[in-house]
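These notes are about the structure you will find just below.
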Amino acid sequence: MLQIAIVVIIGGLAYGAVYNAALNLSRAHIASGFGFWNNTAGFDISQTLIAYSASTSSFGRAFWVGLLNTLLVAGVGIVLATIAGFVIGIARLSHNWLVARLAGGYVELVRNVPLLLQLLFWYNAVLKSLPLLRGSMALPGGAILNNRGLFLPQPVFAANFSTVVLALVVGIAGAIGLNVWARWRRERTGADPHILWPALASIFGLPLIAFAVAGFPLHFSLPQMGRFNVNGGVEVLPEFAALALALSVYTAAFIAEVVRAGVLAVSHGQTEAAQALGLRSGQTLRLVVLPQAMRVIVPPLTSQYLNLIKNSSLAVVIGYPDLVQVFAGTVLNITGQAVEVIALTMAVYLAISLFTSVVMNLYARATVIAER
Amino acid sequence: MKRLATAFALATALALGTQAAPADTLATVKQRGELICGANGTLAGFGMPDPQGNWTGFDVDFCRAIAAAIFNDPQKVKFVPLTAKDRFTALQSGEIDVLSRNTTWTLSRDTSLGLDFPAITYFDGQGFMVRKALKVSSALELNDASVCVQQGTTSELNLADYFRSNHMSLKTVTFATGEEALKAYESGRCDSYTTDSSGLYGERQELSEPSQHIVLPEIISKEPLSPVVRQGDNQWTDIVRWTHFVMIDAEELGINKGNVDAKLKSDDPETRRLLGVEGQYGEALGLTNDWAYRIIKHIGNYGESFERNIGQGSPLKIVRGLNALWTKGGLQYGPPVR
């Protein structure tokens with residue numbers, strides 16, 4: 001009964017706030033509503049993962065472009081930060097004095113400097129150290145690097161490229177099958193068959209053979225030097241590189257500490273028991289320590305992922321067109337509809353964060369030790 | 001994230017039902033004892049604090065003129081530096097009383113933001129700056145170029161329009177502030193930097209080697225720059241509008257900072273009405289009758305402010321052009337005080 005009353009009160013307050021805002025907006029002669037959504041945007045965006053043109057696309061389309069850019073940089077940042085964080089966290093526990101001190105120094109240096117400064121550092125370091133357009137660096141394979149970005153050859157797929165994809169799928173399935181077989185054998189006989197090379201052969205060899213059989217159905221469109229810019233190819237903007245780098249370097253320091261805490265939470269007796277069973281130290285880490293450490297690692301790791309996603313909105317200072325820059329920046333300014341735009345932007349970040357939490361919680365549930 | 005904070009504050013204020021903007025701005029300003037003016041903060045000649053922290057510039061002088069009219073003291077102004085993105089939200093939320101920050105008057109801004117544009121203080125147009133070394137002499141040669149631009153400006157939209165209508169392709173790099181955009185241009189991230197041509201002259205002075213950069217001849221847009229006030233407070237709108245007009249009229253009548261005291265004894269009826277010797281024109285605005293005298297005494301007429309800040313008396317050396325008086329072939333025209 002009390003709960004129902006609370007829900008009703010909160011609902012009433014929310015309705016009141018919306019009603020009041022609408023009333024005040026009309027009193028102040030400020031346009032309201034999402035009527036602008038389908039109007040032509042008219043401004044240009046430097047990185048678009050979906051088709052977008054200033055002349056024909058709508059504000060709604062600009063919203064999606066910004067959202068995808070946010071997801072891209074957050075996704076890349078999370079992957080890089082996780083890899084670096086695990087490596088550094090484990091390195092900090094190393095018995096090698098130099099490795100442990102280097103990892104410790106990294107953590108202390110990086111996590112004690114504000115992210116905004118690091119971002120500006122990386123952006124200016126990246127921009128200043130890269131050659132100007134005239135002195136572009138030609139990289140092997142036809143790639144071009146200058147302060148406008150990294151321009152990679154763009155793969156162009158012929159029609160029968162699908163056979164290669166099919167071969168890759170079969171290859172991966174084969175590798176998984178091999179793994180299942182190896183585990184089955186290990187559990188039955190105790191022998192530990194080496195399947196690394198056959199598995200790699202299955203994953204990479206099969207597609208290569210298919211590629212040759214299908215008559216090499218792939219060529220690359222190389223970036224070309226124009227008068228002002230490099231055209232064609234896949235473009236990696238320096239803004240993107242700086243933001244992804246800053247986010248992953250910064251978050252990796254925190255993840256490293258989370259990992260260290262998780263590993264230390266596993267009692268030393270477990271390690272000793274594993275060594276007594278004759279497991280090598282790599283195996284001990286991989287098979288005994290990390291699976292138990294994951295229970296402790298995952299919840300704070302989730303927080304770090306959420307921080308990284310939200311920190312990606314610092315893109316605005318270096319001109320990377322993320323959701324905040326494109327939508328809560330340019331679109332807000334052109335339409336002047338601060339209430340709608342800010343509310344929607346907050347809702348999007350909330351949704352991304354909740355989704356990340358749900359996924360991580362599902363994973364955490366999977367890592368819970370089965371009690372017998 | 002000041003910009004977000006401002007937008008958020010506006011959203012909260014609107015949702016919680018407090019009146020977002022005080023209705024009687026003049027009374028609020030008088031009670032507070034100072035005018036709060038939204039200004040640029042980084043644009044030489046228009047609005048920037050000098051090394052001693054004193055705000056100077058053409059747009060800054062306009063706010064000082066309003067303060068002089070109200071308080072007889074041009075120092076009673078607090079300047080709030082705003083980026084192009086923040087400026088309208090700050091005004092809507094009541095954080096500032098007037099926005100004097102090289103802002104273009106457009107139809108959509110006039111109608112959908114709840115704001116009014118009282119008078120055009122500067123007729124401007126958008127241009128491009130490039131390095132001399134590029135050997136470009138016209139904006140039409142910029143096909144395929146990277147252009148740095150500040151976010152939330154009409155420049156951002158004109159840029160896309162211009163390249164589209166001339167069938168040229170474009171790579172835009174958008175920054176939150178003009179400073180960042182300019183810095184990126186200087187580091188070679190972009191081939192060109194674009195903003196209002198008045199701004200180009202001002203910002204070129206901030207580059208390490210101004211002589212290595214040129215402003216291209218094309219003016220690709222109309223940028224009527226105006227101060228901005230909230231819609232619905234007509235008395236305040238009138239004060240801001242007529243502050244500009246009396247500065248124009250004073251120039252036309254030959255009244256300036258130096259001779260304004262002598263002109264008080266003038267027989268010319270127009271001069272006598274303007275300076276408040278005859279009539280009750282100041283009181284009709286809610287001010288004192290000598291309000292225009294105070295403006296001229298402290299700030300000077302339109303031409304003086306122009307030459308001192310951006311014209312021949314400044315490093316920018318912008319010519320009057322469209323901003324000359326209507327009697328001298330320009331567009332600046334003040335309605336009569338009567």
Side-chain angles (χ1 to χ4, degrees), chain A residues 16-18 20-25 27-31 36 41-46 53-55 123-124 127-128 130 132-134 146-148 226-229 231 237-239 313-314 316-319 321 324-326 328-330 332-343 345-346, chain B residues 1 3-4 6-8 10-11 13-21 84-85 87-89 92-93 108-109 111-115 134 141-146 148-149 151-153 156-157 159-161 163-164 170-177 180-181 183-184 187-191 230-232:
Chain A
V18 170
N20 236 330
L23 196 69
N24 277 331
L25 282 173
R27 203 181 286 153
H29 310 286
I30 301 173
F36 66 86
F43 62 92
D44 208 43
I45 304 178
S46 59
S53 98
S55 49
Y123 186 53
N124 289 313
L127 264 194
K128 292 270 153 59
L130 290 175
L132 295 172
L133 186 74
R134 303 279 168 274
N146 57 38
N147 66 357
R148 302 290 164 80
R227 179 167 180 205
F228 293 113
N229 263 310
N231 293 312
L237 292 178
E239 290 81 29
S313 61
L314 288 174
V316 78
V317 282
I318 58 164
V324 171
Q325 212 239 17
V326 171
T330 301
L332 187 157
N333 196 276
I334 294 175
T335 63
Q337 281 163 254
V339 177
E340 292 85 351
V341 169
I342 293 294
T345 309
M346 293 201 306
Chain B
M1 301 269 91
R3 167 187 44 74
L4 272 184
T6 314
F8 188 76
L10 175 68
L14 288 166
L16 297 183
T18 52
Q19 192 67 26
K85 279 162 75 181
R87 54 188 165 179
F88 300 122
T89 318
Q92 287 168 339
S93 66
S108 65
R109 286 174 176 177
T111 52
S112 65
L113 298 178
L115 303 175
L134 268 188
E141 296 170 34
L142 287 176
N143 186 16
D144 203 30
S146 291
C148 283
V149 65
Q151 187 173 45
T153 55
E156 196 182 359
L157 302 171
L159 177 66
D161 281 355
F163 275 71
R164 195 202 317 171
L170 163 74
K171 295 190 177 179
T172 314
V173 190
T174 313
F175 291 86
T177 69
E180 284 155 7
K183 209 161 58 182
S187 72
R189 176 68 184 86
C190 299
D191 300 299
R230 281 180 293 275
Q231 197 174 326

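Side chains included, hydrogens not; waters and symmetry mates left out as well; all remaining heavy atoms used. All chains are named by letter (A, B, ...) in the order of the sequence lines, taking the proteins before the strands, and each is independently numbered beginning at 1.
For A:Ala343, no part lies near chain B; criterion is any non-hydrogen pair under 4.5 Å. Using a 4.5 Å cut-off between heavy atoms, A:Leu130 does not touch chain B at all. With a threshold of 4.5 angstrom between heavy atoms, A:Glu340 does not approach chain B through any atom at all. The contact between A:Thr335 and chain B is made entirely by backbone atoms, counting heavy-atom distances below 4.5 Å.
Taking the side chain as every heavy atom from C-beta outward, B:Arg189 and A:Tyr123 approach each other to under 4.5 Å. The side-chain heavy atoms of A:Phe228 and B:Leu134, taken from C-beta on, include a pair separated by under 4.5 Å. Using a 4.5 Å cut-off on side-chain heavy atoms (C-beta onward), B:Lys171 and A:Asn231 make contact.
For B:Thr174 against A:Gln325, the heavy-atom pair with the smallest separation is O-NE2, 2.7 Å. In terms of heavy atoms, A:Phe43 sits closest to B:Ala160 at CA-CB, 4.3 Å. Looking at every heavy atom in both residues, A:Ala41 comes nearest to B:Leu157 through O-CD2, 3.8 Å. In this structure, A:Asn229 and B:Ala145 approach most closely via the heavy-atom pair ND2-C, 3.5 Å. Counting all heavy atoms, side chain and backbone alike, B:Thr172 lies closest to A:Ser46 at O-CB, 3.0 Å.
Between the side chain of A:Asn333 and the main chain of B:Gln151, no donor-acceptor pair closer than 3.5 Å is present.
Salt bridge A:Arg148/B:Asp191: present, at least one basic N to carboxylate O contact under 4.0 Å.
Legend: residues meeting salt bridge (charged side-chain N to carboxylate O under 4.0 Å, His left out) with B:Arg87, ordered by chain and number and at least two apart, are absent.
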